[in-house]
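Counting from 1, the numbers follow the sequence of the chain as shown.
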Amino acid sequence: MNSVPKSRLATLVAAALALALAAAALVLVLADVATTSTDPVNEGQQLSSPPAKVSSEKQGAGAPGRTLATANPLYRTGRLTDVNCSPGTLPAGSMVAYRRFLTRVTACLNRAWAAQFRKAEMPFAKPRLRIITSKVKTPCGAWNTGADGVYCSTDRTMYLMISRDQLRNPFPLGITRLIAHEYGHHVQQVSGIWNYYWSARATAGKAKRLQLSRNSELQAECFSSVFMSTMKGTPLVTDADWAYTVGWFRKNGAKGWPQNDHGKGPTQAAWMTRGFNRGTPGSCNTWAANPRNTT
């Protein structure tokens with residue numbers, strides 16, 4: 001049996017570590033005024049009550065905003081615009097390089113999604129990016145232990161904390177996928193998809209709340225993969241590294257979420273593959289999908 005070259009083995013080890021860090025760090029803040037929930041359904045995430053005008057309305061199958069979730073105009077805009085994203089290299093040990101890389105990726109995401117919102121004739125606003133090296137308190141609440149990435153809807157900001165391990169073992173594809181996932185939640189926010197999420201969640205039982213969470217997380221992951229598909233075949237997104245990443249999530253993606261609020265590993269991998277292969281926001285309509293496909 002042929003041995004793996006040491007250089008390639010080191011790359012794979014670094015990639016595995018970076019993916020593990022990214023998966024464990026995928027903490028989503030869905031709230032305007034957040035608290036750390038003690039509800040077992042939400043354990044390990046920062047959540048809060050939705051705006052009063054949503055929580056006070058009558059909820060159910062006809063919850064406000066449902067059409068924006070199941071038939072959003074973004075779904076009819078075709079392939080995500082290719083903005084020729086080329087964020088450059090990400091050398092180990094340099095915070096300056098990390099900031100430059102993530103700023104460039106965010107600029108690519110801004111251009112791509114702004115173009116998509118124009119196609120849909122919908123208003124668009126960019127999120128903010130804040131790169132940190134230690135925990136901060138966001139407008140959505142205290143920073144969760146172990147979190148590296150947070151999207152806060154109150155100030156529409158993506159917070160990314162770069163750890164020493166990430167500095168030592170950068171995996172450009174992995175960190176790009178993570179920030180594109182957080183950006184996917186911003187897309188849900190500004191497109192109105194989350195209006196339905198909150199209104200439906202307000203009176204949902206445990207099983208339904210988990211289902212709604214999976215719909216949101218799997219869609220954000222699919223949106224991320226749609227963006228990654230625009231860089232397919234580039235040094236950042238090689239076929240081998242993408243296959244490795246999807247395979248990693250198939251085996252490990254659910255391990256950090258015991259309540260199954262993000263979907264099982266194979267389900268995460270399936271939506272990643274769907275978004276990457278089709279390259280369209282419409283391929284990410286988890287809200288109208290058969291529940292068997294969002295388990």
Side-chain angles (χ1 to χ4, degrees), residues 28-30 32 51 54 64-88 100-131 149 151-160 175-199 215-234 236-237 271-289:
L28 165 65
V29 180
L30 300 175
D32 286 344
V54 175
R66 186 175 189 277
T67 300
L68 280 177
T70 61
N72 197 281
L74 282 175
Y75 301 155
R76 301 190 295 273
T77 55
R79 294 189 68 87
L80 188 69
T81 302
D82 185 348
V83 295
N84 297 315
C85 188
S86 182
R100 181 174 59 243
F101 184 88
L102 292 173
T103 299
R104 288 174 176 174
V105 171
T106 300
C108 293
L109 285 159
N110 286 336
R111 294 197 303 272
W113 282 108
Q116 219 67 17
F117 273 71
R118 285 195 296 270
K119 292 179 188 177
E121 298 182 348
M122 297 175 69
F124 176 76
K126 301 175 183 178
R128 298 180 181 90
L129 171 66
R130 185 174 174 187
I131 301 169
Y151 173 73
C152 177
S153 63
T154 302
D155 58 358
R156 296 188 175 185
T157 297
M158 302 181 297
Y159 294 83
L160 291 182
I175 195 66
T176 301
R177 183 213 61 81
L178 174 60
I179 194 172
H181 176 109
E182 300 299 346
Y183 203 104
H185 288 309
H186 177 71
V187 170
Q188 292 171 324
Q189 167 76 11
V190 296
S191 67
I193 291 172
W194 267 2
N195 290 349
Y196 172 64
Y197 177 91
W198 275 118
S199 59
N215 287 348
S216 178
E217 293 298 334
L218 291 168
Q219 181 173 61
E221 194 61 53
C222 184
F223 281 162
S224 173
S225 297
V226 166
F227 173 71
M228 300 302 289
S229 74
T230 66
M231 295 178 284
K232 181 179 181 180
T234 67
L236 179 61
V237 187
W271 283 97
M272 292 174 74
T273 300
R274 181 183 176 92
F276 190 79
N277 288 347
R278 299 191 183 187
T280 65
S283 65
C284 300
N285 188 359
T286 57
W287 306 95

Is there a donor-acceptor contact under 3.5 Å from the side chain of [X] to the main chain of [Y]?
X: Arg128; Y: Asp155; result: yes
X: Gln188; Y: Tyr183; result: no
X: Thr280; Y: Ser283; result: yes
X: Thr286; Y: Asn215; result: yes
X: His186; Y: Ala125; result: yes
X: Ser224; Y: Arg177; result: yes
X: Asn285; Y: Thr70; result: yes

Return yes if a side-chain donor-acceptor contact under 3.5 Å exists between Trp194 and Gln189, otherwise no.
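No, Gln189 and Trp194 have no side-chain donor paired with an acceptor closer than 3.5 Å.
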Do the side-chain N and O atoms of His185 and Glu182 include a donor-acceptor pair separated by under 3.5 angstrom?
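The criterion, which ignores hydrogens and geometry beyond distance, is not satisfied for Glu182 and His185.
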For atom NZ of Lys119, decide whether the heavy atoms of other residues, nucleotides or ligands shown that lie under 6.0 angstrom number more than 12.
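Counting neighbours around NZ of Lys119, more than 12 heavy atoms of other residues, nucleotides or ligands fall under 6.0 Å, so yes.
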Heavy-atom side-chain proximity of [X] to [Y] below 4.5 angstrom:
X: Tyr196; Y: Arg66; result: yes
X: Phe276; Y: Trp271; result: no
X: Thr234; Y: Ser86; result: no
X: Phe101; Y: Thr176; result: yes

Step-by-step side-chain contact (heavy atoms from CB on, under 4.5 Å) determination, Arg111 to Thr81
CA-CA 8 Å; Arg111 294 197 303 272; Thr81 302; over 6 Å; no
After noting the C-alpha distance and the side-chain angles of Val83 and Thr230, does the key distance pass the side-chain contact (heavy atoms from CB on, under 4.5 Å) rule?
CA-CA 8 Å; Val83 295; Thr230 66; 5.8 Å; no
Step by step, work out the ring pair (Phe, Tyr, Trp, His ring centres under 6.0 Å) result for Phe227 and Trp113.
CA-CA 9 Å; Phe227 173 71; Trp113 282 108; 8.4 Å; no
Go through Gln219 and Val187 one step at a time and tell me if the side-chain contact (heavy atoms from CB on, under 4.5 Å) criterion holds.
CA-CA 10 Å; Gln219 181 173 61; Val187 170; over 6 Å; no
Going through the distances and angles, do Ser229 and Arg79 end up as a side-chain contact (heavy atoms from CB on, under 4.5 Å)?
CA-CA 10 Å; Ser229 74; Arg79 294 189 68 87; 4.2 Å; yes
Plane angle bin for Phe117 and Phe124 - parallel if under 30°, tilted between 30 and 60°, otherwise perpendicular:
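Correct class here is tilted.
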Identify the residue among Ile131, Leu178, Leu109, Ile179 that makes a side chain to side chain contact (heavy atoms under 4.5 Å, CB included) with Met158.
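The option that passes is Ile179.
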